[in-house]
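Heads up, the thing below is written out as structure tokens.
Just so it is clear, the structure is predicted and the values come from calculations on it, not from any experiment. For the single chain, residues carry numbers from 1 onward in sequence order.
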Amino acid sequence: MANKNVADLLVDTLVAAGVRKIYGLAGDSLNGVTDSIRTRDNIQWIPVRHEETAAFAAGADAHLTGHLAVCAGSCGPGNLHLINGLYDCHRSRVPVVAIAAQIPSHEIGSGYFQETNPEHLFAQCSHYCELVSQPEQMPRVLEIAAQTAISRRGVSVVVLPGDVALREAPTQKPRLHFPEPKPIVCLSDGELDTLARVLNASKKLTILGGAGCAGAHGELIELAGRRKAPIVHALRGKEFIEYDNPFDVGMTGLLGFSSGYHAMMGCDVLLMLGTDFPYQQFFPKDATIIQIDLRGEQLGRRTKLDFGFVGDTQATLRALLPRLTQNDDERHLNASREHYRKTRKGLDDLATGEPGSKPIHPQYVARVIDELATKDAIFSCDVGTPTIWAARYLTMNGRRRLLGSFNHGSMANALPQAIGAQVRHPGRQVVTLSGDGGLAMLMGDLLSLQQLQAPVKVIVFRNNALAFVELEMKAAGILEFATDLHNPDFAKMAEAACLLGLTAETAEQVRPMIAQAFQHDGPALVEVHVSRQELSMPPTIALDQAKGFGLFMLKAVLSGRGDEIIDLAKVNLLR
């Protein structure tokens, strides 16, 4: 039996680490790796049409499973295309290893065809990035990369010249065989006593939870019940906090709504659990603020802190609960819940679809998606207005999952993330809330859906504009410019890619078209013509934003675009 080469050992090491899929686009500098995968049945190459898609797909895979995922790109432009998706993976803290192929090792430094310097290019979006210049470095470099990605929850990059991948491997098998460590990080007894003392003395406690509350739902609900505290969630905490939660008062932040904002502004103690919520203007100024996070470097970087603790949410709450007294004063909780009830009704009133109405309210489209999707559906939403509608109208239940570019804020994430989700979970329904701008940016990967036979359902919110950018311009008092999108017929393009393509132009067409797509045994796209002027207001309007909208209206009238003001008024009468 012939000795293994470095590429064989690389693939063996990934398999030993539990990796079963590699997302990528083939290229000559990757030939050793793809040829090694070709002969195996324990790992699969997932071909996509753009390397950025591969990185987003791997990130979705890692997000849903919590385990290591892998993407790969060929030398130069190939792995350079990975970088935006890897930034998203890194900022979302999901464990991903990227294999960045490199030019022939003896040509490095000569300005060779497609030469780049990946060690520098990927430095800002990875915890570990190393060049394998000699066969003797494998598998140790890859094992360090994988262990770093897993333990630090982020991206590692292994740079591998194509010629080195084809050399004989001095070592013939992986070296690491231990299971993934799962340490428990909890506050000390003294810290727990201090925390309990502050919480027990609070009259109006509000909890703000984020993605770090994953796995701690029961403890979180018990804490809120013990101290009669409303729970506000950050966007990344929605899928872990919102469901089966009688203390839920919604979301805050630029995409949130007023009940979450007021529950935080009206508290005397704010307890932040597993969240790096970024918007300073949404934090209370006078309350006592406590932050608990597994990553100590995040303590106090968003708002002033009175107490900062390092700990895992579930372990900390389990140790804390026996120290807490029962609070019988429900006034703060009841006021917050009543505000949420009214706010929720107002949002639901906007999600209507009057027969014959066009363009269609995007809120109605999101509500129909929510009602027709399966109980264990996986959703991905593009950045911009689709994220707003997902945050406000998709219902989480403990089984559904929600993917997005919530930290990095990249366009075009929904379709690539859906590919990773569907490949990882072929038996589950995967649905995108895609913007027309986001879909168009990586639209080539509609072809991947057909090639992979991935039955993703793509719902396109077509408003022929970069709508959220327009909203930001209006808030700044600027007339929108360069935001028009001259779109094709997306449904026909889907048909050309051998997908089911459907179009909804009036409200009564929305439900049957989406239902037909969901029932279709294969990938499908539904193009829905939604209102461009749908105004999505943050939970509080700052003075400069109010001035900006006023200035925008004045400029629009003076420039002969007063009809836009009328359209805005028509759309937003209920607001």
Side-chain angles (χ1 to χ4, degrees), residues 347-373 379-382 384-390 392-394 414-415 418 431-441 443 446 449 455-471 480 483-520 522-536 563-564 566-574:
L347 291 172
D348 292 340
D349 288 344
L350 294 171
T352 57
E354 300 86 356
S357 63
K358 53 191 304 189
I360 302 158
H361 289 305
Q363 299 95 321
Y364 176 63
V365 181
R367 171 53 52 83
V368 171
I369 293 171
D370 181 60
E371 291 173 352
L372 295 181
F379 302 99
S380 63
C381 55
D382 269 329
T385 52
T387 294
I388 299 175
W389 314 136
R392 296 182 179 181
Y393 294 99
L394 294 183
L415 175 60
V431 183
T432 80
L433 282 70
S434 296
D436 46 4
L439 177 67
M441 187 175 283
M443 190 163 52
L446 288 175
L449 298 183
V456 171
K457 315 306 179 187
V458 180
I459 313 300
V460 186
F461 288 67
R462 176 176 179 156
N463 51 28
N464 298 316
L466 300 174
F468 197 80
V469 177
E470 285 189 345
L471 179 60
E480 65 264 29
T483 56
D484 285 339
L485 298 177
H486 297 274
N487 286 318
D489 185 322
F490 288 109
K492 287 184 178 178
M493 296 197 73
E495 291 176 353
C498 299
L499 278 66
L500 174 65
L502 302 169
T503 302
E505 295 183 336
T506 60
E508 65 265 31
Q509 294 175 330
V510 171
R511 186 175 294 271
M513 291 297 183
I514 293 178
Q516 182 180 346
F518 284 2
Q519 293 164 8
H520 178 65
L525 180 148
V526 181
E527 177 181 9
V528 187
H529 293 254
V530 299
S531 172
R532 178 171 180 167
Q533 301 293 347
E534 204 75 23
L535 192 58
S536 168
D563 57 324
E564 294 185 13
I566 297 173
D567 290 341
L568 274 171
K570 287 179 179 178
V571 168
N572 297 288
L573 282 175
L574 291 174

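- Glu354 pairs by the side-chain hydrogen bond (donor to acceptor under 3.5 Å, both in side chains) definition with Thr352, not counting sequence neighbours.
- The two atoms that bring Gly353 and Tyr364 nearest to each other are N-CD1, 3.6 Å, heavy atoms only.
- Side-chain contact between Leu502 and Gln516: present, with at least one pair of heavy atoms (C-beta onward) separated by less than 4.5 Å.
- Counting heavy atoms from C-beta outward, Glu480 and Val469 have side chains that stay 4.5 Å or more apart.
- Atom CD of Gln363 is separated from atom CG of Asp349 by 11.0 Å, given to the nearest 0.5 angstrom.
- A donor-acceptor contact shorter than 3.5 Å links the side chain of Lys457 to the backbone of His520.
- Between atom CG of residue Leu433 and atom CG of residue Asp382 there is a gap of 8.5 Å, rounded to the nearest 0.5 Å.
- Between Ala507 and Ile360, the shortest heavy-atom distance links the atoms N-CG1, 3.8 Å.
- Taking both residues in full, the closest heavy atoms of Asp489 and Arg462 are given as CA-NH1, 4.1 Å, listed atom of the first, atom of the second, then distance.
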- In sequence, state the C-alpha distance, the side-chain angles, and the governing distance for Thr503 and Lys492, and then conclude on side-chain contact (heavy atoms from CB on, under 4.5 Å). CA-CA 9 Å; Thr503 302; Lys492 287 184 178 178; over 6 Å; no
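- Looking only at side-chain heavy atoms (C-beta outward), Phe468 and Ile388 come within less than 4.5 Å of each other.
- For Asp436 and Arg532, the salt-bridge test fails: no basic side-chain N is under 4.0 Å from an acidic carboxylate O.
- Taking both residues in full, the closest heavy atoms of Thr432 and Ala418 are given as CG2-CB, 3.5 Å, listed atom of the first, atom of the second, then distance.
- Two residues are said to be in side-chain contact when any heavy atoms from C-beta on lie closer than 4.5 Å; Leu449 and Val458 meet this criterion.
- Here NE2 of His529 is found 11.0 Å from CG of Asn463. Values are rounded to the nearest 0.5 Å.
- Taking CZ of Phe461 as the reference point, atom CD1 of Ile369 lies at 4.0 Å (rounded to 0.5 Å).
- One finds the CD1 atom of Ile459 at 10.0 Å from the CZ atom of Phe379 (value rounded to the nearest 0.5 Å).
- With hydrogens and angles ignored, the 3.5 Å screen pairs a side-chain donor or acceptor of Glu508 with a backbone N or O of Gly356.
- The distance from atom OG1 of Thr483 to atom CG of Asn464, rounded to the nearest 0.5 Å, is 11.0 Å.
- In this structure, Glu527 contributes its side chain and Ala491 its backbone to a donor-acceptor pair below 3.5 Å.
- Within the structure, salt bridge (charged side-chain N to carboxylate O under 4.0 Å, His left out) pairs that include any residue of residues 509-519 comprise Glu371-Arg511 (at least two apart or interchain).
- When atom types are taken as modelled, the side chain of Tyr393 and the backbone of Val365 share no donor-acceptor pair closer than 3.5 angstrom.
- Side chain of Lys358 to main chain of Ser531: no donor-acceptor pair is present (N/O by atom type, distance under 3.5 Å, no hydrogens or angles).
- Annotation for Leu439 and Ser434: closest pair CB-CB, 4.3 Å, computed over non-hydrogen atoms.
- Of all heavy-atom pairs spanning Trp389 and Ala366, the tightest one is CB-CB, 3.8 Å.
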